[in-house]
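Notes for the one structure printed next.
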Amino acid sequence: QAGAIAGQLKSPVSALPGPMSRPFALGRDRWLISSMIRAAVFDLDNTLFDSTTVPAAVLAPAVAAARAANVGPEALPPAALDAALAAARRFGFLHVADAYAVPAPLRAAWRAAYRDLVVETPLIPYDDVVPVLTGLKLTRLLLTTGFRRMQESKIAALGIGHLFDGIYIDALDSGRGPHKGEALGDILRRWRLAPADLLVVGDSADNEIAAGNALGAVTVQALRPGVPRAGTAQQHIATLAELPELIARLDQSGGRAAP
């Protein structure tokens with residue numbers, strides 16, 4: 001596991017301990033020193049690793065449960081269910097459920113099956129994750145939405161838990177959520193941050209980008225392969241390697257660097 005759960009916040013988010021951050025070398029004798037952006041919150045799926053690399057065998061019980069529950073007058077046509085399950089590999093089943101008008105019994109079956117799924121084989125983060133996060137001299141936090149056991153097992157399988165000062169799971173197990181807006185608010189209070197101190201980095205326009213914007217944080221969309229560009233994000237990056245320069249520009253401009 002990524003670590004023992006350290007405590008519960010008001011929203012369904014758990015904190016896991018992490019190490020202190022270290023500086024990022026911009027050159028032989030230059031170091032990035034954050035004067036305005038004090039912390040960065042990173043999403044997990046499709047921000048730090050490709051979610052489609054989770055083995056299909058891990059998801060098989062949930063897929064089987066969804067197919068078994070797809071009966072009755074509300075049942076989706078087989079092609080529509082196949083499309084929803086394929087999209088869920090990247091975006092998460094509950095996120096695509098609305099788009100495909102997935103009926104409530106099928107959603108409930110998916111939730112029930114997914115709660116117990118875990119990844120037990122290694123996963124590989126994107127190539128830029130370890131070198132960039134290791135070097136950023138600010139508070140590094142991970143906030144991921146999903147089912148608790150699955151998200152914790154992904155973090156452990158990726159071997160990246162040590163890169164963060166705090167890890168938060170925006171858990172969907174209770175049937176509610178996502179709650180990233182609440183989670184970010186809890187993070188501000190816990191780390192004594194103002195919204196303008198916080199960088200929110202992720203791929204989802206509807207989840208972390210929307211939550212960060214509502215909070216007043218600086219939002220950065222990571223345009224990983226297959227991620228559609230969101231005009232609602234304040235900044236866009238193709239790789240995390242762009243973050244040090246972006247943070248420097250934000251610090252110099254008071255958080256209003258040109259996109």
Side-chain angles (χ1 to χ4, degrees), residues 18-50 125-144 158 160-168 180-181 183-205 207-225 227-259:
M20 296 304 293
S21 57
R22 290 165 291 281
F24 183 90
L26 292 178
R28 179 173 296 180
D29 299 312
R30 297 175 61 214
W31 299 91
L32 173 66
I33 300 175
S34 177
S35 60
M36 197 280 293
I37 299 296
R38 294 173 50 205
V41 172
F42 293 88
D43 175 49
L44 180 63
D45 293 60
N46 303 312
T47 298
L48 302 184
F49 89 109
D50 182 348
Y126 289 118
D127 290 343
D128 54 8
V129 170
V130 173
V132 173
L133 266 64
T134 297
L136 285 178
K137 190 178 180 180
L138 43 65
T139 299
R140 300 174 309 233
L141 306 171
L142 176 62
L143 172 58
T144 176
L158 287 162
I160 59 173
H162 66 285
L163 298 174
F164 297 97
D165 301 299
I167 295 177
Y168 300 85
K180 271 193 174 170
L184 289 173
D186 285 335
I187 285 171
L188 291 185
R189 290 185 289 273
R190 195 181 191 97
W191 294 88
R192 298 181 180 180
L193 299 166
D197 297 336
L198 186 65
L199 206 68
V200 177
V201 183
D203 66 293
S204 175
N207 197 358
E208 58 270 1
I209 298 301
N213 285 338
L215 189 72
V218 180
T219 54
V220 182
Q221 188 184 32
L223 295 173
R224 299 299 193 182
V227 173
R229 183 184 179 92
T232 53
Q234 298 168 37
Q235 305 289 333
H236 299 83
I237 56 175
T239 169
L240 296 188
E242 299 173 44
L243 274 179
E245 181 181 352
L246 173 59
I247 292 170
R249 287 194 291 114
L250 289 167
D251 287 346
Q252 293 169 5
S253 63
R256 291 181 290 275

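Predicted, not measured: the structure shown is a model, and the values here were computed from it. We count residues from 1, following the sequence as given.
Looking only at side-chain heavy atoms (C-beta outward), Leu188 and Leu198 come within less than 4.5 Å of each other. Side chains of Tyr168 and Leu142 form no contact here, defined as non-hydrogen atoms less than 4.5 Å apart. Under the 4.5 Å side-chain criterion, counting only non-hydrogen atoms from C-beta, Leu243 is in contact with Ile237. Leu136 is listed as a side-chain neighbour of Pro244, based on a closest heavy-atom distance under 4.5 Å. Within the 4.5 Å cutoff, side-chain heavy atoms of Lys180 are placed close to those of Leu143. At least one side-chain heavy atom of Trp191 sits under 4.5 Å from a side-chain heavy atom of Thr139.
Scanning all heavy atoms of the two residues, the minimum distance from Leu215 to Pro195 falls at O-CB, 3.4 Å. Summarising the geometry of Gly212 relative to Val200, their closest heavy-atom pair is CA-CG2, 4.2 Å, with the distance given to 0.1 Å. The shortest non-hydrogen separation linking Leu246 to Gln235 is CD1-OE1, 3.7 Å.
One N or O on the side chain of Thr219 and one on the backbone of Gln234 form a donor-acceptor pair closer than 3.5 Å. Panel note: side chain Asp165, backbone Leu141; no donor-acceptor pair is recorded below 3.5 Å. Within the 3.5 Å criterion, the main-chain N or O of Ala230 finds a donor-acceptor partner in the side chain of Gln221. Formation of a donor-acceptor pair under 3.5 Å by the Arg38 side chain with backbone atoms of Arg192 is found in this model. Here the side chain of Asp128 pairs a donor or acceptor atom with the backbone of Leu240 at under 3.5 angstrom. The backbone N or O of Ala233 sits nowhere less than 3.5 Å from a side-chain atom of Asn213 that would complete a donor-acceptor pair. Here the side chain of Glu208 pairs no donor or acceptor atom with the backbone of Asp43 at under 3.5 angstrom. No donor-acceptor pair closer than 3.5 Å links the side chain of Thr144 to the backbone N or O of Leu44. Looking only at distances, a side-chain donor or acceptor of Asp197 sits under 3.5 Å from a matching main-chain atom of Ala194.
Interatomic distance, Phe42 CZ to Asp203 CG, rounded to the nearest 0.5 Å: 13.0 Å. In this structure, NE2 on His236 lies 11.5 Å from CD on Glu242, to the nearest 0.5 angstrom. To the nearest 0.5 Å, the span separating CG on Leu133 from CG on Leu48 amounts to 6.5 Å.
A cation-pi arrangement is present between Arg224 and Tyr126, with the terminal nitrogen or guanidinium carbon under 6.0 Å from the aromatic centre and inside a 45° cone about the axis.
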